[in-house]
Amino acid sequence: MKVFALVLLFAAVACATPIDILGKLLYDRLTGPAVDINPFIIDGENAAEKSAPYLVSLSASKLVAAHSCAGTIIGKEWVLTAAHCVNELNQLAGNIVGLTVYAGLTDRTNEENAQIRTIDFAFNHKQFTGAEGSDDIALLHVTPAFEFGANVKAAALPYLKEEFDGETSANYGWGLDNAEGSLYVKDLKVAKSDVLTAEECKAALPSDAPVSSKQICVKVAACYGDGGSPLVVERDGDVAELVGITSWGYMPCGYNNRPTIYTAVSQYVDWINEVQWAYNVLH
């Protein structure tokens with residue numbers, strides 16, 4: 001089976017608008033028929049209002065909400081996402097800096113209730129090569145700062161190298177909800193499943209799967225539009241803890257019950273702190 005990076009590529013937006021058509025043309029032109037890019041949640045269910053206040057939509061346009069990837073708020077000025085999302089948005093828009101982030105939404109077309117912020121800094125992990133298994137993580141700085149409240153707040157970062165084997169996790173996203181679909185969903189979806197051990201992950205994937213020790217597996221069928229979206233552990237009375245960043249999987253989405261692969265955030269806590277420190281020193 002072909003591998004897909006859980007990217008976004010603008011493949012389609014919620015409604016049949018000129019943006020949908022433009023996105024499809026860009027997708028076809030940039031990837032071609034031989035490239036499989038894939039990010040969304042299949043077999044998920046509608047998420048409750050305000051259930052993921054840390055989730056943001058990354059737009060491929062400065063002018064309109066054109067969902068391409070997702071990200072997670074980890075501070076009033078910071079969003080964590082996948083490095084492949086930054087690369088794709090750079091390719092689509094010329095530069096991710098200046099693009100917009102939409103926070104505080106469950107229905108992503110309800111822009112009147114969104115906090116709209118501008119990306120003024122983006123930093124990919126230097127070891128990210130674009131290949132599956134490399135360090136698929138990136139930090140975005142936005143301006144002005146988010147205003148935290150019931151609809152918008154940060155997810156908690158895990159402890160350094162914290163493990164979540166066997167814990168129930170939730171993956172939120174606006175990607176495709178049907179492997180044969182062409183439009184990203186309007187209403188936020190969520191799918192829940194236990195985090196697999198390294199041995200369980202290996203057993204569920206082909207023998208040559210490029211899974212690294214800095215990645216985790218969950219049997220959730222993410223797909224187009226879910227790239228960069230958060231995998232969290234939710235505990236009663238506690239802030240949701242960010243476990244993973246949706247990275248890649250196999251085509252077609254959810255084929256043969258194969259898991260999706262996520263960047264393990266606990267492996268990058270020091271890196272996140274270092275990037276934020278360097279930004280603050282320089283600015």
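The first residue in the sequence is number 1, and the count goes up from there.
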| Is the F123 ring parallel, tilted or perpendicular to the F121 ring (thresholds 30°, 60°)? |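 If you compare the ring of F123 with that of F121, the planes turn out parallel.
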
| Checking salt bridge (charged side-chain N to carboxylate O under 4.0 Å, His left out) for the pair R235/E241: CA distance, chi angles, key distance, verdict? | CA-CA 8 Å; R235 302 183 181 95; E241 188 171 0; 2.7 Å; yes

| query | Taking side chain as C-beta onward, heavy atoms only, is I119 less than 4.5 Å from V101? | reply |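 Side-chain contact under 4.5 Å: yes.
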
| said: When you compare the side chain of Y172 with that of K189, does any pair of heavy atoms fall below 4.5 Å? | reply: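 The answer is no, as the side chains (C-beta and beyond) never meet within the 4.5 Å cut-off.
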
| query | Would W248 and Y250 count as a close aromatic pair, with their ring centres under 6.0 Å? | reply |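 Between W248 and Y250, the centre distance is under 6.0 Å.
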
Less than 3.5 Å apart, which donor and acceptor atoms pair up between the side chains of residues 195-202 and the rest of the protein, not counting sequence neighbours?
unit_1	atom_1	unit_2	atom_2	d
T197	OG1	E200	N	3.1
T197	OG1	E200	OE1	3.4
E200	OE1	T197	N	2.9

| message | Nearest 0.5 angstrom please: I74 CD1 to L80 CG, how far? | response |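 Answer for the CD1-CG pair, I74 versus L80, is 5.0 Å.
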
| query | To the nearest 0.5 Å, what is the distance between CG (L89) and NE2 (H84)? | reply |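 Going from CG on L89 over to NE2 on H84, the span is 9.5 Å.
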
Any side-chain donor paired with an acceptor under 3.5 Å for [X] and [Y]?
X    : Y    : value
N171 : S229 : yes
N113 : N151 : no
D136 : Y262 : no
H141 : Y279 : yes

| task | Check the hydrophobic clustering (I, L, V, M, F, W, Y; side-chain heavy atoms under 4.5 Å; chains of links allowed) and say if F128 and L139 are grouped together. | result |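 No: no chain of side-chain contacts under 4.5 Å links F128 to L139.
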
| request: May I ask whether V269 and L231 are part of the same hydrophobic cluster, defined by side-chain heavy atoms of I, L, V, M, F, W, Y residues being less than 4.5 angstrom apart, directly or through others? | output: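 V269 and L231: separate clusters.
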
| query | Which residues satisfy the side chain to side chain donor-acceptor pair (under 3.5 Å) test with N90, sequence neighbours excluded? | reply |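 With neighbours one apart ignored, the set is empty.
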
| task | Check step by step if salt bridge (charged side-chain N to carboxylate O under 4.0 Å, His left out) holds for E45 and K192. | result | CA-CA 9 Å; E45 58 187 29; K192 298 184 179 182; 5.7 Å; no

| message | Once ring-ring contact (aromatic ring centres under 6.0 Å, His included) is applied, do any residues pair with F146, and if so which ones, sequence neighbours excluded? | response |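 With neighbours one apart ignored, the set is empty.
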
| task | Would you check if the side chain of S59 reaches a backbone N or O of V64 as a donor-acceptor pair within less than 3.5 Å? | result |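 Confirmed, S59 side chain pairs with V64 backbone.
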
